[in-house]
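Worksheet: one structure, shown below.
Predicted model only: the values in this text are computed from it and were never measured.
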Amino acid sequence: MESRMFGLETPLMTALQHLLDIPDGDGGAAGGKQGGPTRAYVLDARAMAATTADVKELPGAYAFVVDMPGLKSGDIKVQVEEDRVLVISGERRREEKEDAKYLRMERRMGKFMRKFVLPDNADMDKISAICQDGVLTVTVEKLPPPEPKKPKTIEVKVA
């Protein structure tokens with residue numbers, strides 16, 4: 001049954017639900033129903049929904065900007081899959097100290113991921129990523145526009 005029916009839609013219950021990876025009643029794989037999405041699909045969908053990004057088109061490139069506060073470069077992975085798909089993924093882990101007890105946990109932890117289909121004019125060989133002040137910027141250069149075709153001149157012979 002859905003937690004909303006009992007008024008259990010609190011931050012604590014949401015965090016517990018996330019930790020336990022229980023589908024939240026959206027017609028998923030709850031209760032082992034056949035034909036629903038797989039567990040991996042549900043987890044990927046949650047990771048993608050929780051990762052916000054800005055996409056900008058510049059004159060010579062595309063820029064993908066994602067907030068990544070507190071993450072090191074080893075926690076972030078930027079890949080290009082076949083079919084021109086840019087994948088930004090990683091994991092944010094909670095630091096565990098034995099003598100500390102959390103009174104409130106509101107920051108999102110766990111895996112994150114975003115996928116973007118790159119346009120046809122994206123140069124797949126010129127992709128760079130930099131993380132500065134907790135902001136990841138992935139820059140994908142554009143291919144130069146194709147040169148306009150010049151009309152072919154055919155010499156006319158007089159017979």
Side-chain angles (χ1 to χ4, degrees), residues 1-119 122-142:
M1 227 172 229
E2 292 190 24
S3 61
R4 284 177 242 136
M5 290 179 65
F6 297 106
L8 298 176
E9 197 67 25
T10 64
L12 177 61
M13 290 304 291
T14 305
L16 286 173
Q17 186 177 10
H18 175 72
L19 290 173
L20 296 173
D21 292 329
I22 299 171
D24 44 6
D26 294 346
K33 295 179 186 175
Q34 289 186 342
T38 64
R39 177 183 165 98
Y41 177 83
V42 171
L43 292 175
D44 284 353
R46 285 183 181 169
M48 289 180 72
T51 306
T52 57
D54 294 338
V55 181
K56 298 187 286 189
E57 181 174 6
L58 305 170
Y62 297 98
F64 301 85
V65 183
V66 185
D67 289 337
M68 302 275 174
L71 291 178
K72 300 177 182 101
S73 62
D75 298 331
I76 304 168
K77 189 188 315 183
V78 177
Q79 296 176 309
V80 178
E81 295 179 345
E82 52 190 271
D83 299 332
R84 309 178 70 83
V85 178
L86 174 69
V87 181
I88 301 170
S89 62
E91 185 171 6
R92 178 176 286 120
R93 295 183 179 96
R94 187 170 306 283
E95 54 188 55
E96 298 292 332
K97 293 185 180 179
E98 293 179 20
D99 59 342
K101 178 175 91 172
Y102 281 99
L103 301 176
R104 183 179 301 235
M105 294 185 340
E106 295 182 354
R107 296 184 306 147
R108 188 179 186 313
M109 297 293 149
K111 293 184 179 182
F112 60 87
M113 173 182 49
R114 280 304 300 265
K115 292 184 178 185
F116 303 95
V117 177
L118 296 173
D123 190 343
M124 306 304 285
D125 296 325
K126 293 185 180 176
I127 299 175
S128 62
I130 185 167
C131 191
Q132 182 177 4
D133 297 330
V135 178
L136 173 70
T137 303
V138 179
T139 304
V140 181
E141 299 290 327
K142 290 182 179 180

Any side-chain heavy-atom pair of Ile127 and Val138 under 4.5 Å: yes

Donor-acceptor contact present, side-chain Asp83 to main-chain Val85, <3.5 Å: no

Inter-residue atom distance Leu136.CG - Ile88.CD1, 0.5 Å rounding: 5.5 Å

Hey, what do you get for CE (Met113) to NZ (Lys77), rounding to the nearest 0.5 Å? 11.0 Å

Check whether any side-chain heavy atom of Leu86 lies under 4.5 Å from a side-chain heavy atom of Val78, and answer yes or no. yes

Nearest 0.5 Å please: distance from the CG atom of Asp123 over to the CG atom of Leu118. 10.5 Å

Atom of Met68, atom of Cys131 and distance for their closest heavy-atom approach: CB-SG, 4.4 Å

Note, Phe64 side chain near Val140 side chain (heavy atom, < 4.5 Å): yes

Verify, without hydrogens or angle tests, whether Lys142 (side chain) and Leu58 (backbone) share a donor-acceptor contact under 3.5 angstrom. yes

Using the ring of Tyr62 (Phe, Tyr or Trp, six-membered ring only), decide whether Lys56 places NZ or CZ under 6.0 Å from its centre and within 45 degrees of its axis. no

Would you check if Phe112 and Leu71 make a side-chain contact, meaning some heavy-atom pair closer than 4.5 Å? yes

Would a distance-only check, ignoring hydrogens and angles, find a side-chain to backbone donor-acceptor pair under 3.5 Å from Arg114 to Thr52? no

With the side chain counted from C-beta on, respond yes when Asp75 and Glu91 share a heavy-atom pair under 4.5 Å apart, and no when they do not. no

Nearest-0.5 Å distance that lies between atom NZ in Lys72 and atom CZ in Arg92: 12.0 Å

